[in-house]
Amino acid sequence: GAVVSQHPSWVICKSGTSVKIECRSLDFQATTMFWYRQFPKQSLMLMATSNEGSKATYEQGVEKDKFLINHASLTLSTLTVTSAHPEDSSFYICSARGGGPQHFGDGTRLSIL
Amino acid sequence: GDSVTQMEGPVTLSEEAFLTINCTYTATGYPSLFWYVQYPGEGLQLLLKATKADDKGSNKGFEATYRKETTSFHLEKGSVQVSDSAVYFCALSDAKAAGNKLTFGGGTRVLVKP
């Protein structure tokens with residue numbers, strides 16, 4: 001149980017385009033979802049926390065207009081990287097919790113050319 | 001604020017060797033403590049957790065004991081296998097923090113050689 005599916009697992013796109021990443025809790029209702037960014041050989045950096053039906057809470061230094069987060073249902077949250085540039089290339093990981101510990105997706109590797 | 005410090009890697013071991021990864025924390029409240037494992041190209045998997053002092057979390061041969069007096073949560077395994085090669089993250093969650101956010105240590109890469 002407690003499976004979190006993240007899609008796509010890998011995306012390559014041109015600079016200036018927008019990219020949407022989906023995070024789904026498959027067998028539980030996720031009242032809270034988290035989005036992290038991980039640089040190579042580094043730890044996870046929390047970007048934002050989202051609760052179903054309300055606006056996301058962004059960590060200091062994270063541009064909310066750059067990284068749009070939507071948590072419209074108890075099983076789905078999306079992260080949209082708008083007007084992506086090469087410096088946005090990274091590994092993005094979501095997690096979800098429904099009252100217990102956080103359960104993580106397998107991550108999305110984003111490469112901006 | 002809360003923070004987690006864990007030993008830097010990489011840690012290179014031979015199969016069947018004993019593994020210890022040190023982890024210490026600072027927290028204003030009374031946190032829950034976790035170890036997560038990340039295999040190459042994947043997200044994080046919860047390995048074990050402990051929610052109060054002297055609790056011992058265990059899973060897949062790994063153990064860690066919540067030591068409040070030393071603010072530590074060291075991870076140990078008595079006999080590692082090649083399949084244990086991964087990055088291990090120590091983390092804490094303070095129930096008083098908004099959203100039960102996790103604070104991660106820097107991660108320790110472990111490489112087990114046959």
Side-chain angles (χ1 to χ4, degrees), chain A residues 1-10 21 23-25 30-52 54-60 62 69 71 77 90-111, chain B residues 1-11 21 23-25 31-52 55 57 59 64 66 73 85-111:
Chain A
V3 177
V4 175
S5 173
Q6 192 171 336
H7 179 80
S9 56
W10 195 300
I21 303 170
C23 180
R24 294 179 184 273
S25 57
T31 51
T32 308
M33 286 187 169
F34 304 83
W35 287 96
Y36 297 85
R37 183 172 180 175
Q38 185 180 32
F39 291 102
K41 298 185 179 181
Q42 294 189 26
S43 189
L44 281 72
M45 180 192 78
L46 179 64
M47 300 174 66
T49 303
S50 72
N51 294 298
E52 184 264 339
S54 60
K55 290 183 179 180
T57 302
Y58 290 81
E59 295 298 301
Q60 192 172 9
V62 178
I69 292 172
H71 190 169
S77 176
S90 193
F91 193 54
Y92 293 87
I93 304 175
C94 73
S95 72
R97 65 184 298 270
Q102 292 184 32
H103 300 280
F104 288 79
D106 280 343
T108 297
R109 186 162 303 283
L110 174 62
S111 297
Chain B
D2 296 346
S3 67
V4 177
T5 303
Q6 60 183 105
M7 59 189 289
E8 289 189 21
V11 174
I21 304 176
C23 171
T24 57
Y25 67 91
S32 295
L33 302 175
F34 306 84
W35 277 101
Y36 284 87
V37 58
Q38 184 179 34
Y39 298 102
E42 298 183 11
L44 273 66
Q45 299 176 23
L46 178 63
L47 183 58
L48 52 84
K49 67 176 182 177
T51 58
K52 61 182 187 297
D55 265 3
N59 185 26
Y66 191 145
F73 193 53
S85 298
V87 181
Y88 294 82
F89 291 94
C90 185
L92 69 81
S93 175
D94 188 342
K96 294 182 180 179
N100 276 302
K101 294 188 294 186
L102 281 169
T103 300
F104 286 93
T108 302
R109 186 175 301 276
V110 172
L111 177 61

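Throughout, protein chains are lettered first and strands after them, A, B, ... in sequence-line order, and every chain is numbered starting at 1. If you're wondering where the values come from, they're calculated on a predicted model, not measured in any experiment.
Results of the side chain to side chain contact (heavy atoms under 4.5 Å, CB included) test with A:Gln102 over B:Leu44, B:Leu46, B:Leu102 single out B:Leu102 as the only residue that passes.
With a 4.5 angstrom heavy-atom cutoff, B:Tyr36 touches chain A only via side-chain atoms. Only the side chain of B:Gln38 has a heavy atom closer than 4.5 Å to any heavy atom of chain A.
Per-residue heavy-atom pair counts under 4.5 Å with chain B were compared for A:Arg109, A:Glu59, A:Met45, A:Gln6, and the maximum is reached by A:Glu59.
The line from CD of B:Gln45 to CG of A:Asp106 is 7.5 Å long, rounded to the nearest 0.5 Å.
Residue B:Gly105 comes nearest to A:Ser43 through the heavy atom pair O-OG, 2.5 Å, listed as atom of the first residue, atom of the second, then distance.
Between B:Phe104 and A:Gln38 there is no side-chain heavy-atom pair separated by less than 4.5 Å.
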